[in-house]
Protein chains: 2
Amino acid sequence: MLRAAQLYYRLHLTQDQVGERLGVSRFKVGRLLDRALRESAVRIEIVHPDIRLVELEDGLVARFGLRSAVVVDVPPTASEQDQELLARERVATAAAAQLTALRPTGAIGVSWGRTMLEVAAHLRPGWTAASEIVQLNGAMSRSARPTRAQEVVEQFGLTSGAAIQLMPAPAIVGSPELREALEQDPSIGETLAAARAAETAVFSMGVLGTESVHVASGFIGDPDLAALGEAGAVGDVLGRFLAIDGRIALPSLDRRTIGLPLEELRAKTLTVGVAAGPGRGSIALAALRSGCINVMVTDEETATWVIDHE
Amino acid sequence: MLRAAQLYYRLHLTQDQVGERLGVSRFKVGRLLDRALRESAVRIEIVHPDIRLVELEDGLVARFGLRSAVVVDVPPTASEQDQELLARERVATAAAAQLTALRPTGAIGVSWGRTMLEVAAHLRPGWTAASEIVQLNGAMSRSARPTRAQEVVEQFGLTSGAAIQLMPAPAIVGSPELREALEQDPSIGETLAAARAAETAVFSMGVLGTESVHVASGFIGDPDLAALGEAGAVGDVLGRFLAIDGRIALPSLDRRTIGLPLEELRAKTLTVGVAAGPGRGSIALAALRSGCINVMVTDEETATWVIDHE
DNA sequence: CAATGGTGTGCACATTTGAGCATGGCTACC
DNA sequence: GGTAGCCATGCTCAAATGTGCACACCATTG
């Protein structure tokens, strides 16, 4: 058996030649090799260092029932800030590539944020034949810091030649009643209907904290921030804050949030979630648990955190 | 590439199926797997502990231009003496099996000694269709300790149904003249002619020392022993003592030795050398260097020693 | 002593894989 | 703007390999 394995695997003879040398039939050689494999006398192993990325992808797919997952390697950098920038760049590149490979059609819903901006920047012209790009949630900033949500949608549209549809509203308003009133208004209502109708959604995940985009953009103030912390919120998806178990952390705030509700997101055929950079583990896990992601794109650190904490 | 390797080697999909999952052609998958192998991203290794035996066999074949080699594993025992007995038993079994597999025809020459006796004992009836078994060298003991050479030849004959031909002479005599005279005599001369004509020879190797068969049987006395030591002899093949370089250690003694000369042994088609037990390394190496072996059967310890000292 | 069942073997056939070659896109260089 | 060379890709065809089946061998059992 070992002699056969030696001749076959090391010297790369055919089973026929091995049989000739050993004076047995090629069938017997085949069975010998079978046995060697079954009895693990021969080990075939993938030794490339990046195989762990594949394993993480498989782990995510298996644990959360995803369609697919992409986990990218981010080489270490000098500073924490560089690390975040590099991670975002790498993950965004991968997300753009994955989107291209998935070839979505019809309408595509998109969120906004730094990560989404980076994804948009990496899309190559002609990446999809989609007909329409729809903004999924409100973004109109009231602070000096612009959300650049429009740039995201425009870039998605520009690179695909699709029509674009913006959602001209803040992410979060002061009362549920105002939210309802705004959603009734045709300018927002029609976009929301289109977002609902889209079969595909692409969005990133945001962390909760003082450096959060929503805080910086003035959508949530100190009282809301405190209440969210109290409720165990770890971050947001489409402006909707989740606790680590994947449920809406603060329903009262959720009712003031303008955009596609999570149930609707969950119902879509293709939902691509992008999470990049240190500290994204908890919101990534929450989002995965919420069931609104079926294609995950992230970095190794985040993926490892998620797998370890599930 | 890694994904392909994962699906192909770990999940045992066909290249076609891998291609389907990855959205590429099976040709590309094949090339991907090729590359993975070439770049050693995938390692195929034989992990069975006995693979070292195969490697030793290959080493012997390559270094000494053999037809084949058999190296057997000898489990450790309590005492050195048990080890020697077990080694002899294992190696003899392997030698008998190898002889059976080689299916020699015509006349087969055999030597004598403890190892050969053990080999003979392991031959199964019908192991060969050879016509004649010929004793290759003199063996008639003058001491109380019999050489049992006749038993070896008889057993070879009995198990094969072949005729036997003994060499009724001592291994070593007092003078070259006497040796010549004996070899002229028909009783010995005819056997010697048959030994010369045989296409196959089977023989063991003896170590030099006070416990040597030749010393115990009274063929060499103290002066010869001392002279052999002086000349760098390490052991014998067919009663002919070799130095570690594989040459006759003491030509004067060799001229007094009755039996097939080494040049004649070298000229045969099939020469099976058997060396078993601790301390056999040097004579095994000497015999291999002398070029008179083309099929080697030995234990791991001896094979390792030979490879390490060549 | 026949029947039985397990095991190993070789064979015909189907599937899988590899080798060589043509094609076409891309780049770099005139 | 052309063009030569390179590389990746997919194809055809042949080789290599796996599979189900029939048969032989052996030991056990009623």
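Predicted, not measured: the structure shown is a model, and the values here were computed from it. Just so we're on the same page: letters track the sequence lines, and every chain starts at 1.
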A.B. asks: Could you work out, with side chain to side chain contact (heavy atoms under 4.5 Å, CB included) as the rule, every residue matching B/Thr269, not counting sequence neighbours?
C.D. replies: B/Arg67, B/Glu199

A.B. asks: Could you give the NE2-to-C1' distance, from A/His12 to C/dG18, as a whole number of Å?
C.D. replies: 14 Å

A.B. asks: Taking 4.0 Å as the cut-off, does a side-chain nitrogen or oxygen of A/Gln15 come that near to OP1 or OP2 on D/dG18?
C.D. replies: yes

A.B. asks: Rounded to whole angstroms, how far apart are CG on A/Leu7 and P on D/dT17?
C.D. replies: 13 Å

A.B. asks: When you measure from the side chain of B/Arg31, which nucleotide among D/dC11, D/dT17, C/dG10 comes out closest?
C.D. replies: D/dC11

A.B. asks: Under 4.0 Å between a side-chain nitrogen and a carboxylate oxygen: does that hold for A/Asp73 and A/Arg90?
C.D. replies: no

A.B. asks: Nearest whole angstrom, please: distance from the C1' of C/dG8 to the CZ of A/Arg35.
C.D. replies: 12 Å

A.B. asks: Check side-chain hydrogen bond (donor to acceptor under 3.5 Å, both in side chains) between B/Arg3 and all other residues, then give those that pass, not counting sequence neighbours.
C.D. replies: A/Glu57, A/Asp58

A.B. asks: When the distance from OH of A/Tyr9 to C1' of D/dT17 is rounded to whole Å, what number comes out?
C.D. replies: 11 Å

A.B. asks: Can you tell me if CZ on A/Arg21 sees more than 12 non-hydrogen neighbours from other groups inside 6.0 Å?
C.D. replies: no

A.B. asks: Would you jot down, in residue-number order, the residues of residues 96-103 of chain B having a non-hydrogen atom under 4.0 Å from DNA chain D?
C.D. replies: none

A.B. asks: Taking salt bridge (Lys or Arg N to Asp or Glu O under 4.0 Å) as the definition, give me every residue that meets it alongside A/Glu20, ordered by chain and number, with sequence neighbours left out.
C.D. replies: none

A.B. asks: Can you check nucleotides 24-27 of chain C for protein contacts, nitrogen or oxygen pairs under 3.5 Å, and list what you find?
C.D. replies:
none

A.B. asks: Can you tell me how far P of D/dT9 sits from CG of B/Asp34, to the nearest Å?
C.D. replies: 14 Å

A.B. asks: How would you list, by chain and number, every residue that makes a side-chain hydrogen bond (donor to acceptor under 3.5 Å, both in side chains) with A/Thr77, sequence neighbours excluded?
C.D. replies: A/Gln83

A.B. asks: Name the atoms and distances for all side-chain donor-acceptor pairs under 3.5 Å in residues 97-107 of chain A, with sequence neighbours left out.
C.D. replies:
| residue | atom | partner | partner atom | Å |
| --- | --- | --- | --- | --- |
| A/Gln98 | NE2 | A/Ser68 | OG | 3.3 |
| A/Thr100 | OG1 | A/Ala96 | O | 2.8 |

A.B. asks: Tell me: OH of B/Tyr8 to C1' of C/dT17, nearest whole Å?
C.D. replies: 7 Å

A.B. asks: Run the side-chain hydrogen bond (donor to acceptor under 3.5 Å, both in side chains) test against B/Arg35 and tell me which residues pass, sequence neighbours left out.
C.D. replies: B/Glu39

A.B. asks: Kindly state which residues belonging to residues 18-28 of chain B come within less than 4.0 angstrom of DNA chain C, counting heavy atoms of the residue only, listed by number.
C.D. replies: B/Arg26, B/Phe27

A.B. asks: Using side chain to side chain contact (heavy atoms under 4.5 Å, CB included) as the criterion, list what pairs up with A/Ser131, not counting sequence neighbours.
C.D. replies: none

A.B. asks: What is the distance, to the nearest angstrom, from the CG atom on A/Leu32 to the P atom on D/dG18?
C.D. replies: 13 Å

A.B. asks: Checking A/Tyr8 now: which residues fulfil side chain to side chain contact (heavy atoms under 4.5 Å, CB included) with it, not counting sequence neighbours?
C.D. replies: A/Gln15, A/Val18, A/Leu33

A.B. asks: With sequence neighbours excluded, tell me which residues meet salt bridge (Lys or Arg N to Asp or Glu O under 4.0 Å) with B/Glu84.
C.D. replies: B/Arg88, B/Arg280

A.B. asks: Just the rounded figure in Å: distance from C1' of C/dG18 to CG of B/Asp16.
C.D. replies: 14 Å

